[in-house]
Student: 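There's a structure below that I have some questions on.
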Amino acid sequence: MQYLLMLYADETGWSKMTKAQQEQGYAAYMAYTEALKKAGAWVGSNRLQPVSAATTVRVADSKSQVLDGPYIESKEQLGGYYLIDVPDLDSALSWAARCPGASHGTIEVRPVWAMSASAAPAA
Amino acid sequence: MDYREGDAQARDTAEAVARRSYGKLVAFLAARTRDVPAAEDALSEAFASALADWPVNGCPANPEAWLLTVARRKVIDMYRGRRRAEIAGERLQIMAEGLDAAAADADIPDQRLAMMFACAHPAIDATIRAPLLLQVVLGLDAKTIASAFLTSPVAMSKRLVRAKDKIRQAAISFSVPEREELPARLDTVLGAVYAAFAEGWTNPGGTDVARRDLAEEAIFLGRVVTELLPSEPEALGLLALILHAEARRPARRNPQGDYVPLAEQDPTLWDAQMIDEAEDLLRRASALGCIGRYQLEAALQSAHVFRRRIGRANWAEVVQLYDTLFAIVGSPVIAINRALAIAELHGANAGLDAIQEVAADARLAEYQPYWAARAELLAKTGAHNEARQAYEIAIGLESDPAVRRFLQQRQSALKQ
């Protein structure tokens, strides 16, 4: 079963950290990724650029609308994600708790909607 | 007394009774019906009635008896109404009379132990026993329990409901088992109390309120068992073990919030009174002459305390205790601690050999202490590259930021 762990945190927190703290934080993420890989649970992961780099797009009445900034302004922003493959929710929650992001932000755990081949829309 | 003052007093009294007598009242109501949810619902309605009635009419002289009388009526109403079909009229009558007679009695019999045996019955899924005890005996809500056990609140709630249904449907008995059956059945009760404590213990700084409280609640459960079964050595051993571990909590963090391993803790920060109580319990247990895993684990705690307080290495004794414990329990977790003790006695290579014996166990792949122990022993033998890799996994598996920082410091202290 695949789960998406979405890492939310106040992204200004990172810039307030000392160089040493940033290095330690970075190393903690590296170790976490390594542990996920070692356990065979890692599917993919990425860190995202800050929300100031975000652009939103929407098409309404056949007209596209492009806006600068994130879809939702909030105190904690989506800063990255891990896509993991584990047996069940309890296991996904254990991995979420181990994620360094859980101690300086919030992790949202969402099961991936499994699409079977037959359920896919016909081309 | 004005209304608001009476309101506050009623709330205080209700809270005090809830803390002291919640489990006793649930046990009493459920013992006759085996219907834990009905008992819990009735009791929570009784508490609500108390908060409405007491500010107006004053707190009753015996609040427990008041609550029980009201709750008893609610249970009977419930059965007359929605559960009518499930229960014969004759039994309802007997049940009502039983509850009546007992409620008239000023001294409510303590049936918490019988209820604990029902909750930790072998027919109940082993992983839900500890949450069930915490809810039924202490009244903790599913959300709090779910957080402590790192599981979803909805799932925890469903599993608790299912376990309570099982008690009723399978007619699991609310009784303390007979002599010959007792040791095996007590083992499941103690296992559940231990599991509750272990969840609380994973928050060493006591920063996570739900978890810190869980350790206190587990101590409370341990005390209930030893008060009601004062001559069961393993029950005494478990309480001794829990108290020993809890006594060191204040020393597990320095003022900066960093993790402090046992070998570097300041023994003067330990709770001496708690240690004395643990030692006393352990003496009482060993006088009963029947060794078991909890007594051995408590004895190990005692040996660690002795070593740090006296400053004299006692690793031979520690290894011997681990040998016996490993022979009884055989868990890889114990094997890891045993390997660390062997390393103290015979050197890091001997420790690594010992850890190698269980390395193939798949359960260890995601077990942080295994990787941390491995890393520490490898570092001592000078295998710094391998040690670095093992630390890397240990860091990745750790969820406590203070312990993570500690492991990162150890890792970066290795030679490049």
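Just so you know, these numbers use all the heavy atoms, side chains as well, and skip hydrogens, waters and symmetry mates.
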Student: Taking the six-membered ring for Trp, are A/Y29 and A/Y82 parallel (under 30°), tilted (30 to 60°) or perpendicular (over 60°)?
Tutor: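 Ring orientation, 0 to 90° scale: parallel.
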Student: Between B/Q408 and chain A, which part of the residue has a heavy atom less than 4.5 Å away: side chain, backbone, both or neither?
Tutor: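 Contact with chain A involves the side chain of B/Q408 alone.
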Student: Less than 4.5 Å to any heavy atom of chain B: does that hold for the side chain of A/L93, its backbone, both, or neither?
Tutor: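 Its backbone and side chain both get close to chain B.
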Student: Select one option (side chain, backbone, both, neither) describing which atoms of A/A102 are under 4.5 Å from chain B's heavy atoms.
Tutor: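 Contact with chain B is absent: no heavy atom of A/A102 under 4.5 Å.
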Student: What I want to find out is whether A/E23 reaches A/K19 closely enough, with some N-O distance under 4.0 Å, to be called a salt bridge.
Tutor: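 Yes, charged N to carboxylate O under 4.0 Å.
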Student: In plain terms, say whether B/E246 and B/R249 are close enough for a salt bridge, that is, a side-chain N and a carboxylate O under 4.0 Å apart.
Tutor: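 Salt bridge between B/E246 and B/R249, a charged N being under 4.0 Å from a carboxylate O: yes.
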Student: Can you see whether B/W371 has B/R410 sitting over its ring - NZ or CZ less than 6.0 Å from the centre and within 45° of the normal?
Tutor: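 No.
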Student: Would you call B/R293 and B/E297 a salt bridge, using N to O less than 4.0 angstrom?
Tutor: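 Salt bridge flag = yes for B/E297 with B/R293.
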Student: If you count heavy-atom pairs within less than 4.5 Å of chain B, which of A/L36, A/D90, A/L89 leads?
Tutor: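 The option with the most such pairs is A/D90.
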Student: Output the option from A/K37, A/Q24, A/E34 having the highest count of non-hydrogen pairs under 4.5 Å with chain B.
Tutor: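 Of the options given, most contacts go to A/Q24.
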Student: Do you know which of B/Q368, B/Q411, B/E398 has the most heavy-atom pairs under 4.5 Å to chain A?
Tutor: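 Among B/Q368, B/Q411, B/E398, the one with the most close pairs to chain A is B/E398.
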